[in-house]
Every structure is written in C-alpha cells, then in structure tokens.
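Step one of this worksheet: look at the structure below.
Only heavy atoms go into these numbers, but all of them, side chains included; no hydrogens, no water, no symmetry mates. Residue numbering restarts at 1 for every chain, and letters A, B, ... go by the order of the sequence lines.
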2 protein chains.
Amino acid sequence: MDEKLDRSRELLVQALGRQSSFWGLGKTAGEIYGALYLSPDPLSLENVAARLGLTKGNISIAVRQLEQLGMVRRSWQRGDRRVFFEAEGDFWKIAQSFLGLRHKPEFSQSFAMLEESVRLAGEAVRSAEREQVMERLGSLQEFYRLVDSTVELLLSATPEKMKTMMEMISSAVAGIGGAAERKNLMPAEK
Amino acid sequence: MDEKLDRSRELLVQALGRQSSFWGLGKTAGEIYGALYLSPDPLSLENVAARLGLTKGNISIAVRQLEQLGMVRRSWQRGDRRVFFEAEGDFWKIAQSFLGLRHKPEFSQSFAMLEESVRLAGEAVRSAEREQVMERLGSLQEFYRLVDSTVELLLSATPEKMKTMMEMISSAVAGIGGAAERKNLMPAEK
DNA sequence: TAATACGTTTAGAACGTATTAAACGATGTA
DNA sequence: TACATCGTTTAATACGTTCTAAACGTATTA
C-alpha cells in the first residue's frame, strides 16, 4: 500500500530524466540517477534495469557516464559479486564537476577558436571591414572572459562555498536587481 | 587578398556553431548567427544560405528560432522585397532571453514535477522508507529553490546590471573562493 | 571441470532531428 | 496577363544517437 510512494518516486525519476536530457546527458542517465537517489540502499545493475524497464547493457553504459561525472559511485558487498550503485547526494558537487568536465572543455575549445580568429583578423590587410570584424570579435572576447572568470571562480570554490556564494547572490536582489522584489520573485524561505 | 579575414570569419562561425549545438540550438543556428554577427550589413536569406552552403528552407527555419530568442532581427530595404537579417550584438541580452525562454520553462516543469512528487510522498503511509525519500526530495527542493532564485535574479536585472553583477562576482575571488588566486586562475585584465 | 551468474561489448534496429528538394503562395515587374 | 523573384511549407531523405538482443569474458559455485 505504498503505491503513493512509488508514484512519488516515478515522478521524480521522470523529472530528472527530463532535466538530464535537457542538459545533454541522455534521458536514461537522469532516470538512473533518480532511481538511485531515492533508493535507501545501493542498487544492482539488473535491479536498476528492471525498475526502468531497460536492458543491462544500456544501464552499464549510462552508469559509466554518471560515474565519470561523479554523480554515481559503485560499491560492493561481501559475498556478493554483483556491483551496486549509489547516487552522490551533494548537488553542488555534481554541479561543479558537470561544469568542469562538460562545460569548461567545450567552452575552452570555442574560446581558443575565437582567439585564433582574432589573430587571423589582426593579420588581414587594414580595411574598414577588418575594423568592423575586430571590434565585434573584441566584444565577444570580453564576454567570454567574464563568463570564464565566473566559471573558474565556481570551480575553484568548495561546494560549500559555492552554495554560500549562490545564497549571497540570491539575497542580494534589493541592492542590485531592483526589479526582483517588485515582481514578487524570490519569496523568502518558508 | 582578404583571405585572412575570411578565414577569421569562418573560424568564428565554426566556434559559434559548436557552442550553439552544445547549448541545444542546432549547429546551423549558431553558424547563421556567427555569419550575421560579423557581417557589416544585414544579409538576405539566400546570401546566408550561400555562405554556409545550406538551403533557403533550412535557413528560413533556423532563423526563426534565432528571432524568437532575440538573437537575430529582420529588416527591410526600400524597393527590395527581400528580407534581411542582422545579429543582436549584446550578449547579455541574448544570455538573458536564452535563460528565460529556454532554461526557465524546462526548469519550472521539472520543479513542478518535483513538488508533486513531494506531495505524493507526503500522502504515503508513514514508514522509514518514506522518511528517506522525503528527506532526499527535500534536499533536492532546496537546491532547486536556490538555483531558481539566482535565475530569477538574473532575469529581473537589466543586461547592464547583469554584466555588472558578473563582474562583481568575478572579482570577488579573494574574499570567497580562496583557492582561485592560488591556482593562478582569473588573471587580471590584460 | 562443468555450470551458473555476473558485467561488458557489439552489431543492428528504432527513433528523433536536421537537411534537402520541390511545390506553393504571395508580391512585384514586363 | 504572364513572368520572375521572394520566403515558407512539406514530404522525403540522410544522419546521428539511443536502445536492444545476443555474444562474450570472467569470476564463482558445485
């Protein structure tokens, strides 16, 4: 008679599957994470597969992604040669490793290309058009640099500090945003 | 003899195509934006298609996305019934509308599902397992709320304020991060 | 050793998305 | 009116990704 609890679980699994897919991990990865996150104890590969109605092979691959991102750990139990998985519960840790492992490299790649682009433009013959291009490339670079600084900041802080930072930012509305409280956004913790 | 300038352009187009794809817009959308961004004047549909080696129909669809995200505007010229496109140059504006139009709705959807999940768990029969679930759902909710506040803050600020905010954050390393300058991250503006 | 229970790998099927080519409607021009 | 030039829509195709089913290798048990 814990049908309600099952539906609760199922809904969260779907929610995380959705988010996961949105952020470029597969839907499955998010669902796996969700299942593990709500399970009282670690789950075996087959168990996860059964819950989500997927194949072992499928889970095997997806779970590796999750491990690499630090979202899932594997564990063992004496006298049982199965592998068990459990979810990392600290979302700040996860956000950080995701930022560092997924976004940062992709970002750096584009940034490098932008720099090369700037270099090439600098080597082109002087012309009004070249100035146009260089100016625009310059703005883009400035933007990139600022985003990059922020990313680095987030990456260099401990998860705890990261959380604190976000809290500071979130409560700084009055001083900076000015419109947030007028719109009745950001309600106080209830 | 502005081959260098062409290569510079091409490289930026590729960089933005890459980023665009990474962020869930098509590669094409980013490439279109890049082409427009570096062009001194607005480009016609066919012109863009020719530059990127794609079809009119393709561009027509992709450019609509970009318009909806506020990344591209269309313009006209007297005595010419062609439509021209030009890129929005303010990245803060773009980041904001992207956050609001793409991320926020998706985020809200998952958040609503999470809340429903919490509700269901609350209705389940009391048990150790239910407490487990509710506690985890609670942490997740807390995380979501904090992220949500931050998003709302960013959305409610003007692009200019948003930029200022980021600058403040980026220069606040010493006080908060503590590790960033040790790691020689965040070099000063050169 | 043989048999069983795992997790992983692989080739192929299924699926969704991006792209094309062609048709279409609308708008201007001879 | 006939014709040409646009942008858009549509049906078909190409492409990449995800998932499955089966084979495989390894470790454990009898």
For atom [atom1] of [X] and atom [atom2] of [N], their distance in whole Å:
X	N	atom1	atom2	value
A/D80	D/dA27	CG	P	16 Å
B/R64	C/dA18	CZ	C1'	15 Å
B/I59	C/dA18	CD1	P	14 Å
B/L52	C/dT20	CG	P	10 Å
B/Q65	C/dA18	CD	C1'	11 Å
A/L54	C/dC15	CG	P	14 Å
B/I61	C/dA21	CD1	C1'	12 Å
B/L45	D/dT9	CG	C1'	13 Å

message = Would the distance check show the side chain of B/S39 and the main-chain N or O of B/A35 forming a donor-acceptor pair, the cut-off being under 3.5 Å?
response = no

request  = Say whether, by atom type as modelled, one donor and one acceptor occur between the side chain of B/S149 and the main chain of B/R145 under 3.5 angstrom.
outcome  = yes

message = Using a 4.0 Å heavy-atom cut-off, does A/S44 contact any base of the nucleic acid, only the sugar-phosphate backbone, or nothing at all?
response = nothing

request  = Mind checking B/G53 for me? I need base, sugar-phosphate or nothing, with any heavy atom below 4.0 Å counting as a touch.
outcome  = sugar-phosphate

Please pick, from [options], the nucleotide with the shortest atom-to-atom distance to any side-chain atom of [X].
X	options	answer
A/R74	C/dT8, D/dC6, D/dT20	C/dT8
B/K56	C/dT19, C/dT8, D/dG7	D/dG7
B/N58	C/dA18, D/dC19, C/dT20	C/dT20
A/V83	C/dG7, C/dT8, C/dA18	C/dG7
A/R81	C/dG7, D/dC19, C/dA5	C/dA5

request  = Measure distances between side-chain N and O atoms of A/R82 and base N and O atoms of C/dA5, and say whether any donor-acceptor pair falls under 3.5 Å.
outcome  =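 No, no donor-acceptor pair under 3.5 Å.
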
message = Parallel, tilted or perpendicular, judged at 30° and 60°: which one describes the rings of B/Y33 and B/F91?
response = perpendicular

query = What class does the angle between the rings of A/W92 and B/F143 fall in, given that below 30° is parallel, 30 to 60° is tilted and above 60° is perpendicular?
reply =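 Taking B/F143 first and then A/W92, their aromatic rings stand perpendicular (interplane angle over 60°).
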
ask   = Under 4.0 Å between a side-chain N or O of A/S60 and OP1 or OP2 of C/dT8?
value =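 It does, given that an N or O in the side chain of A/S60 lies less than 4.0 Å from OP1 or OP2 of C/dT8.
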
query = Does A/T28 place a side-chain N or O at less than 4.0 Å from the phosphate oxygens OP1/OP2 of D/dC19?
reply =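 Checking A/T28 against D/dC19: at least one side-chain N or O falls below 4.0 Å of OP1 or OP2.
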
inquiry  = Are B/L25 and A/L25 connected into the same hydrophobic cluster when the rule is that any two of I, L, V, M, F, W, Y join if their side-chain heavy atoms are below 4.5 Å apart?
reply    =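 Yes; tracing contacts between hydrophobic side chains, which count when under 4.5 Å, links both residues.
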
query = Taking a pair as Watson-Crick or G-U wobble with both distances under 3.5 Å, which nucleotide is matched to D/dA30?
reply = C/dT1

